[in-house]
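Residue numbers begin at 1 in each chain, while the letters A, B, ... track the order of the sequences. When reading the values below, keep in mind they use all heavy atoms of this one structure, side chains included, and skip hydrogens, waters and symmetry mates.
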Amino acid sequence: MVRNRMLERLSTKLLNVCIASFCKVNKLEKAESVIIDAIRLGLLPDVVTYNTLINAYCRFVGIDAGYSILHRMGEAGINPDVVSYNSLIAAASRNSQISRSLDLFDEMIQRGIAPDVWSYNTLMHCFFKLGKPDEANRVFRDIILGDYTPCAATFNTMINGLCKNGYTENAFMLFRKLQHHGFVPELMTYNILVNGLCKIGRLGTAKRIIKEIGGSGYVPNAITYTTVLKCCFRKRKFEEGLELLSEMKSKGYTYDGYAYCTAIGALIKIGKIKEATEYMVQLMKTGIKLDIASYNTLINMYCKDGKLEEAYKLLDEIEKEGLECDKYTHTIMIDGLCKAGNIEGAIRHLKYMNLMGFDSNLVAFNSLVDGLCKVGRIDTAMKVYKSMEVRDSFTYSSLVHNLCRIGKYRKASKLLLSCLRSGMNILKSAQRAVLSGLHYSGFRGEAKKLKSKIRMARILNH
DNA sequence: TTAGGGTTAG
């Protein structure tokens, strides 16, 4: 009897190894048929089998599919455990469905399943993604001071979250304090910090950290390089950036599209479309399989070059490759159509995007507002502006500039003031346009008054 | 479970 149970356990273990190998390569049907065969032979799947399935369904099909496995488990008389829920919570977080992650976390607790350190790491990550660093910090303290043993991911998530929420200095201090208390950083920890420092323009400190990587026994990887590459372009050090890219090529670090797309994106931004195209050709020659972000970069390049037909061809290619357009793809297309003066086409695409399940986003609306202004339909642009629930400095800068362009300085001034009241910045060039416009069109008093308001706003908004 | 690339104003 005991021997039989041992054999059964061994067989379930083998079954799970088999299921895991199929799940890893997205052969879900095969995995399911193996489970059916195993049941026929009297071998029952256990919690590990189902957890493997949850993970794979979440990854390759969707969270709903993953969640349905929970019911299947229940029907088979197997209770989900913390691993089952961790997979679902993480999958929702990966898909930016943060409120769903939090709901799943609550559901797990309500079912009497105790969260582990992984659950809390993900919860912390969710709070950071929601822009709630205080809540994340509370979770972090609970892990450290509670009954849990933090792991490297706990510290990495905390440091990364602080950087992403604008607290890079605090992240750096935490990193040093932790090191002082014996924390040994992983390459990922260094990369997180390098990225944070690069984003706030501290390239020098980032380079010092990279030197520390060498001393720690790690070798900077493709991620480290791409991070610095991006920073070089941001700081307009184009030659240094392109040299870094060729160094990456020689090291074999261009095995995916990230570095190429960083360079192409930067070249597009400064209007060097010809050079960007050259890098696109290089990227194509490598045979690297393009993902949606790479396609978006290339579509943007064609749009900026006014080659909308080529952009549409890439949209077809995305579909042929079995990829799905995302909010970036649609927004890039909307902007491309606006820039080409095809407002009706842009509005059609906006509706199509909604139909595909994407909410209209701020960037798409800003493009539309700007496009309408550029074709002289400023009243319609104002109508769109009024209908927008969220506005940012792009919305205001665009409208203010274009109102000045047609000599409507007082209207521009009114808009500029409402922007300042909302605590937002506006391009200096837009401010100057209003001030000098008012001044030279006979409204010197108003210009003076506006100037002092701008000065006050500068004090209050900082 | 955590790290790099993709969208808008001048």
Item to check | Any residue meeting salt bridge (charged side-chain N to carboxylate O under 4.0 Å, His left out) with Glu240(A), in chain and number order, not counting sequence neighbours | outcome: Lys207(A)
Looking for any heavy atom pair under 4.0 Å, which part of the strands does [X] touch: base, sugar-phosphate only, or nothing?
{"X": "Leu427(A)", "answer": "base"}
{"X": "Asn221(A)", "answer": "base"}
{"X": "Ser393(A)", "answer": "base"}
{"X": "Lys428(A)", "answer": "nothing"}
{"X": "Asp256(A)", "answer": "base"}
{"X": "Lys304(A)", "answer": "sugar-phosphate"}
{"X": "Arg94(A)", "answer": "sugar-phosphate"}

Next on the checklist: Closer than 4.0 angstrom, basic N to acidic O: yes or no for Asp81(A) and Arg111(A)?
Outcome noted: no
Checklist outcome for this item: Paired with Leu337(A), the side chain to side chain contact (heavy atoms under 4.5 Å, CB included) test is passed by just one of Leu368(A), Ile332(A), Asn342(A), namely Asn342(A)
Going by atom types only, do [X] and [Y] share a side-chain donor-acceptor pair under 3.5 Å?
{"X": "Thr227(A)", "Y": "Asn191(A)", "value": "no"}
{"X": "Asn195(A)", "Y": "Asn160(A)", "value": "no"}
{"X": "Tyr295(A)", "Y": "Glu317(A)", "value": "yes"}

Next on the checklist: Students often mix this up, so state it plainly: with edges at 30° and 60°, are the rings of Tyr120(A) and Phe105(A) parallel, tilted or perpendicular?
Outcome noted: perpendicular
Checklist entry - What are the residues of residues 133-159 of chain A, sorted by number, that bring a heavy atom to within less than 4.0 Å of DNA chain B? => result Ala153(A), Asn156(A), Thr157(A)
Item to check | Leading and trailing nucleotides of DNA chain B with any atom under 4.0 Å from heavy atoms of chain A | outcome: dT1(B) to dG10(B)
Checklist outcome for this item: Minimal heavy-atom distance between Cys151(A) and Asn121(A), with the atoms involved, is SG-ND2, 3.5 Å
